[in-house]
Amino acid sequence: MLPELSDCILDHIAIAVKSIDVSEKFYKDLGLTFAPEREIVEEQKVKTAFANIDVNAHIELLEPTDPESTIQKFIDTKGEGIHHICFKVKDVVAKTNELTAKGYRFIYPAPRLGAGGCMVNFMHPKSTGGVLIELSQRPE
Ligand code: ZN
């Protein structure tokens with residue numbers, strides 16, 4: 001039996017793609033349904049498409065809108081694929097402090113405002129075994 005849900009549950013899996021229009025076909029064939037809107041996140045120079053996986057989690061396709069986008073640089077060096085995994089936490093400031101005290105490295109010294117009004121921070125892949133981990137706290 002699975003243990004009770006903790007203070008850290010899957011929120012989304014973000015996948016770097018060259019083209020949402022091309023890549024969404026596979027996920028649609030798999031049976032997922034995408035929200036019709038495409039959100040452009042100017043600050044990160046990406047276009048996003050969302051498809052729910054379950055009541056908590058979604059798949060997020062990230063397509064670069066600019067050669068200087070970190071997603072474009074990721075695709076240039078590693079190719080298309082999983083970019084990061086995001087966990088939802090109750091208090092991202094407390095979680096950042098707790099994990100920093102345990103020796104884990106974060107991309108930002110303190111959480112920042114992310115898409116949808118969430119406060120987010122990213123754990124450096126060098127301290128997580130090679131996976132970029134996003135921690136996100138929903139707005140109240
Ligand atoms: Zn994310």
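Keep in mind that what you see is a predicted model, and the values were worked out from it rather than measured.
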Linking I/L/V/M/F/W/Y whenever any side-chain heavy atoms sit under 4.5 Å apart, do [X] and [Y] land together?
| X | Y | result |
| --- | --- | --- |
| L61 | I40 | no |
| L32 | I85 | yes |
| V46 | V17 | no |
| L135 | I9 | no |
| I53 | F26 | yes |

Specify the closest pair of heavy atoms between [X] and [Y], including all atoms of both residues, with the distance to one decimal.
| X | Y | answer |
| --- | --- | --- |
| D21 | E63 | N-OE1, 4.5 Å |
| S136 | V92 | N-CG2, 4.5 Å |
| Q72 | D66 | CB-O, 3.7 Å |

Within a strict 4.5 Å, meaning less than it, do heavy atoms of the [X] and [Y] side chains meet?
| X | Y | value |
| --- | --- | --- |
| F50 | I59 | no |
| K88 | R138 | yes |
| I15 | E80 | no |
| I82 | L132 | no |
| P64 | I75 | yes |
| M119 | L113 | yes |
| F34 | I20 | no |

Checklist entry - What do you reckon, is NZ of K73 surrounded by more than 12 foreign heavy atoms closer than 6.0 Å? => result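 Enclosed.
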
Checklist entry - OH of Y104: more than 12 outside heavy atoms within 6.0 angstrom? => result no

Checklist entry - Taking it one step at a time, do E42 and K47 satisfy salt bridge (Lys or Arg N to Asp or Glu O under 4.0 Å)? => result CA-CA 8 Å; E42 292 292 351; K47 181 159 75 172; over 6 Å; no

Next on the checklist: Consider side-chain contact (heavy atoms from CB on, under 4.5 Å). Of D91, V93, V120, which one does P111 pass it with?
Outcome noted: V93

Checklist entry - Given the rule in the side chain to side chain contact (heavy atoms under 4.5 Å, CB included) test, do L99 and F106 qualify, once you have shown the distances and angles that lead to the verdict? => result CA-CA 9 Å; L99 291 169; F106 280 80; 3.7 Å; yes

Checklist entry - Given H83 and L62, is the side chain to side chain contact (heavy atoms under 4.5 Å, CB included) satisfied, shown in steps? => result CA-CA 9 Å; H83 180 261; L62 302 173; 4.2 Å; yes

Checklist entry - Excluding sequence neighbours, so at least two apart, what forms ring pair (Phe, Tyr, Trp, His ring centres under 6.0 Å) with H12? => result H58, H84

Checklist entry - Residues in ring pair (Phe, Tyr, Trp, His ring centres under 6.0 Å) with F87, at least two apart? => result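 Expected list: none.
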
Strictly distance-based, threshold 3.5 Å: is any side-chain N or O of [X] a donor or acceptor partner for the main-chain N or O of [Y]?
| X | Y | value |
| --- | --- | --- |
| T48 | E39 | yes |
| N52 | D54 | no |
| N56 | D11 | no |
| S69 | K45 | yes |

Next on the checklist: Checking R112 now: which residues fulfil salt bridge (charged side-chain N to carboxylate O under 4.0 Å, His left out) with it, not counting sequence neighbours?
Outcome noted: none

Checklist entry - Atom OG1 of T33 and atom OH of Y27: how far apart are they, to the nearest 0.5 Å? => result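 Taking OG1 in T33 and OH in Y27, the distance rounds to 15.0 Å.
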
Item to check | Test side chain to side chain contact (heavy atoms under 4.5 Å, CB included) applied to K90 and Q137, step by step | outcome: CA-CA 6 Å; K90 289 196 187 91; Q137 177 186 346; over 6 Å; no

